[in-house]
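Working notes, structure below.
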Protein chains: 2
Amino acid sequence: MAGGQGRVLELAVLGSLHETSLHGYELRKRLNALLGMFRAFSYGSLYPCLRSLLEQGLIAEDQPAPAAIVGGRSKIVYKLTAEGKERLQDLLTQAGPSAWEDESFGVHFAFFRHTEAEVRLRILEGRRSRLEERLDSVRTALARTRERLDSYTLELQRHGLESVEREVRWLNELIATERRASQEPVRDTTSTDE
Amino acid sequence: MAGGQGRVLELAVLGSLHETSLHGYELRKRLNALLGMFRAFSYGSLYPCLRSLLEQGLIAEDQPAPAAIVGGRSKIVYKLTAEGKERLQDLLTQAGPSAWEDESFGVHFAFFRHTEAEVRLRILEGRRSRLEERLDSVRTALARTRERLDSYTLELQRHGLESVEREVRWLNELIATERRASQEPVRDTTSTDE
DNA sequence: CTCAGGATGTATCGGCTCGATACATCGACG
DNA sequence: CGTCGATGTATCGAGCCGATACATCCTGAG
């Protein structure tokens with residue numbers, strides 16, 4: 001569909017290219033370093049994405065510095081086009097489910113420095129309520145079937161719930177920090193305990 | 001390929017059907033209750049999987065009790081065949097990467113009560129070393145680029161690392177418990193330090 | 001009593017992503 | 001001089017998801 005629900009990679013690529021021009025291999029390394037434990041994209045998704053972005057005119061081939069050509073092996077360096085920058089701004093404004101689902105939240109978060117404060121807050125809160133919904137539904141399902149489950153399954157449930165509860169606590173801290181930061185408008189010589 | 005690396009659903013379905021015969025809808029509910037926060041399968045994967053299993057002769061249609069037919073709406077109840085049971089035993093013996101990767105570990109774990117003690121231990125240890133590898137690679141990558149990262153990315157990295165470290169600790173406890181349990185058989189007075 | 005909405009139920013389609021794989025070149029090290 | 005690992009681009013098959021469609025049953029509000 002033209003929607004583009006799961007197109008996290010698009011944001012990831014456009015966002016990475018915002019700073020510097022890059023070629024596929026390097027792009028992947030940077031991306032995976034940026035996202036750390038959160039997720040790792042493979043070539044199987046990266047290269048098709050680059051082609052698609054190229055066809056859409058959101059990125060373009062950028063000639064590497066002449067010096068690099070001499071000794072360098074064949075590489076294709078991409079840069080962001082004007083349309084690409086526009087699209088990136090667009091994606092950074094998205095604050096709906098596509099920004100707080102499991103697969104995409106981390107990518108949006110990783111580019112928060114380019115995101116407006118209000119959007120950041122909405123994404124954070126959206127993710128939190130998403131997790132709390134899941135927590136609720138799993139907890140009630142668990143309460144209903146608890147006695148029929150063996151100890152391994154119970155242990156899995158417990159660990160899963162705790163992990164998510166931990167993420168909710170993390171989100172709460174982040175939200176509190178965001179709120180505090182946004183309330184700090186022009187503040188002259190009062191005690192700013194930064 | 002005939003390999004079957006990512007065929008977690010197959011194990012999940014076969015394992016669920018081991019206890020009772022079930023139809024798709026109920027199967028999905030049970031599965032999602034069983035796996036809790038860990039993961040949720042959709043119909044888009046469940047029904048194709050059921051068909052494939054049926055074609056392979058691993059499951060078969062089971063006539064529901066006549067009483068249920070009268071008032072019941074159309075449902076297709078599946079049961080495990082002899083070959084299915086065999087295949088299930090086979091899958092429960094797998095202790096390689098397919099049992100400890102992110103997407104599959106939880107499913108294998110959820111059926112641990114049907115798994116041999118030795119296999120359980122190997123899966124647990126395999127997952128632990130898998131996570132430790134990732135931890136290492138992310139930590140070194142992070143150390144190399146720390147100063148170039150903004151505070152949001154750093155925060156994401158920190159949270160990600162802590163989550164995985166937490167899972168490693170959890171695995172350590174489980175492994176210790178497993179070891180303790182397996183050392184409880186007839187033990188004469190030799191110091192067998194593995 | 002009626003009808004709408006929600007749970008139960010089966011099924012498919014498009015699309016994304018991964019893992020494996022195939023090439024090819026470069027630098028380093030023995 | 002050979003080979004091994006990092007660099008680099010690219011594709012393919014397969015698994016899984018989300019959305020969607022369609023049909024029946026039950027419940028409860030009007």
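Basis for what follows: all heavy atoms, side chains included, without hydrogens, waters or symmetry-related copies.
- Here the nucleotide nearest the side chain of B:Val8, chosen from C:dC18, D:dG8, D:dC16, is D:dC16.
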Identify all side-chain donor-acceptor contacts of residues 26-36 of chain A below 3.5 Å with residues at least two apart in sequence or on another chain.
residue : atom : partner : partner atom : Å
A:Glu26 : OE2  : A:Arg30 : NE           : 3.4
A:Arg28 : NE   : A:Phe41 : O            : 2.9
A:Asn32 : OD1  : A:Phe41 : N            : 3.2

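- Spacing between atom CZ of B:Arg51 and atom C1' of D:dC16 amounts to 15 Å, rounded to whole angstrom units.
- Nearer to the 5' terminus of DNA chain D, by closest-nucleotide assignment, is the contact made by A:Tyr78 (compared with the other of A:Tyr78 and A:Glu101).
- When each of D:dT9, C:dA7, D:dC17 is scored by its nearest atom to the side-chain atoms of A:Lys75, the top-ranked nucleotide is D:dT9.
- Among the atoms of the strands shown, only primed sugar atoms or phosphate atoms (P, OP1, OP2) are found under 4.0 Å from some heavy atom of A:Gly24.
- Look at CD on B:Glu61: it is 12 Å from C1' on C:dT10, rounded to the nearest Å.
- The separation between A:Asp102 atom CG and C:dC16 atom C1' is 16 Å, rounded to whole Å.
- Rounded to whole Å, atom P of D:dG18 lies 14 Å from atom CG of B:Leu46.
- Side chain of A:Ser52 to backbone of A:Pro48: no donor-acceptor contact under 3.5 angstrom is found.
- Using a 4.0 Å cutoff on non-hydrogen atoms, the parts of residues 27-43 of chain B near DNA chain D are B:Arg39, B:Ala40, B:Phe41, B:Ser42, ordered by number.
- When rounded to the nearest whole Å, the span between CG of B:Leu22 and C1' of C:dG9 equals 14 Å.
- Contact check, B:Arg7 against D:dC16: no side-chain N or O comes under 4.0 Å of OP1 or OP2.
- Remark: C1' of D:dC17 and CD of B:Glu103 are 14 Å apart, rounded to the nearest angstrom.
- Side-chain proximity of A:Leu9 to the nucleotides C:dA11, C:dT17, D:dG8 is greatest for C:dT17.
- Atom P of nucleotide D:dA19 and atom OH of B:Tyr47 are separated by 18 Å, given to the nearest angstrom.
- The pair A:Glu167-A:Arg127 counts as a salt bridge, with a side-chain nitrogen and a carboxylate oxygen less than 4.0 angstrom apart.
- In this structure, the OH atom of B:Tyr25 is 13 Å from the C1' atom of D:dA23, given to the nearest Å.
- B:Glu173 and B:Arg169 are not joined by a salt bridge, as no carboxylate oxygen comes within less than 4.0 angstrom of a charged side-chain nitrogen.
- Residues satisfying the ring pair (Phe, Tyr, Trp, His ring centres under 6.0 Å) test with A:Phe109, not counting sequence neighbours, are A:Phe105, A:Phe112, A:Trp170, B:Tyr152.
- Look at B:Arg39 and B:Asp102 and you find no salt bridge, because none of the NZ, NE, NH1 or NH2 atoms lies under 4.0 Å from a carboxylate O.
- A salt bridge is defined here as a Lys NZ or Arg NE, NH1 or NH2 lying under 4.0 Å from an Asp or Glu carboxylate O, and B:Lys79 with B:Glu61 fails to meet this definition.
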